[in-house]
Amino acid sequence: MRNVELQVMPTGSEDHAGAGGPFALLQPKGRPMMAYVEVQNVSTLLTDRASVRRIEQRYGIIRAQALRPRESLELIEKPRGQT
């Protein structure tokens, strides 16, 4: 699909910006961006701009630390067990 881009975090990256837990950035039509975060069995919807900006920055760091899309595709398509 042309509108989907996958980036894989290398398994050797034990200490990366995504290790703090899952989150999702949400952009409702006609409304400011929001962030949904889950940490230690607690889920929160963040709407204040400063908090959402921090999550956006973390997302950017995660993308920078992950493999590029082409490298991710090659890793995904590699037969299991090959390195």
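- With sequence neighbours excluded, the residues satisfying side-chain contact (heavy atoms from CB on, under 4.5 Å) with Gln7 are Glu5, Arg63, Ala66, Pro69, Ser72.
- The side-chain hydrogen bond (donor to acceptor under 3.5 Å, both in side chains) search around Thr47 returns none, not counting sequence neighbours.
- Residues Ala17 and Arg58 come closest through the heavy atom pair O-NH1, 2.8 Å.
- With a 6.0 Å radius and a threshold of 12 heavy atoms from other residues, nucleotides or ligands, Asn41 has its CG atom at or below the threshold.
- Linking ILVMFWY side-chain heavy atoms closer than 4.5 Å, directly or via other members, places Met34 and Ile55 in two distinct hydrophobic clusters.
- Hydrophobic cluster membership is shared by Tyr59 and Leu46, with clusters built from Ile, Leu, Val, Met, Phe, Trp and Tyr side chains linked at under 4.5 angstrom.
- Ion pairing of Arg68 with Glu74 is absent here, as no side-chain N (NZ or NE/NH1/NH2) approaches a carboxylate O to less than 4.0 Å.
- Cluster membership check: Tyr36 does not share its hydrophobic cluster with Phe23, using side-chain heavy-atom separations under 4.5 Å among Ile, Leu, Val, Met, Phe, Trp and Tyr.
- Met9 and Leu25 end up in the same hydrophobic cluster when Ile, Leu, Val, Met, Phe, Trp and Tyr side chains are linked at under 4.5 Å.
- The shortest non-hydrogen separation linking Ser51 to Asp48 is OG-OD2, 2.8 Å.
- Transitive grouping of hydrophobic side chains (ILVMFWY, heavy atoms separated by less than 4.5 Å) keeps Leu45 and Val52 in distinct clusters.
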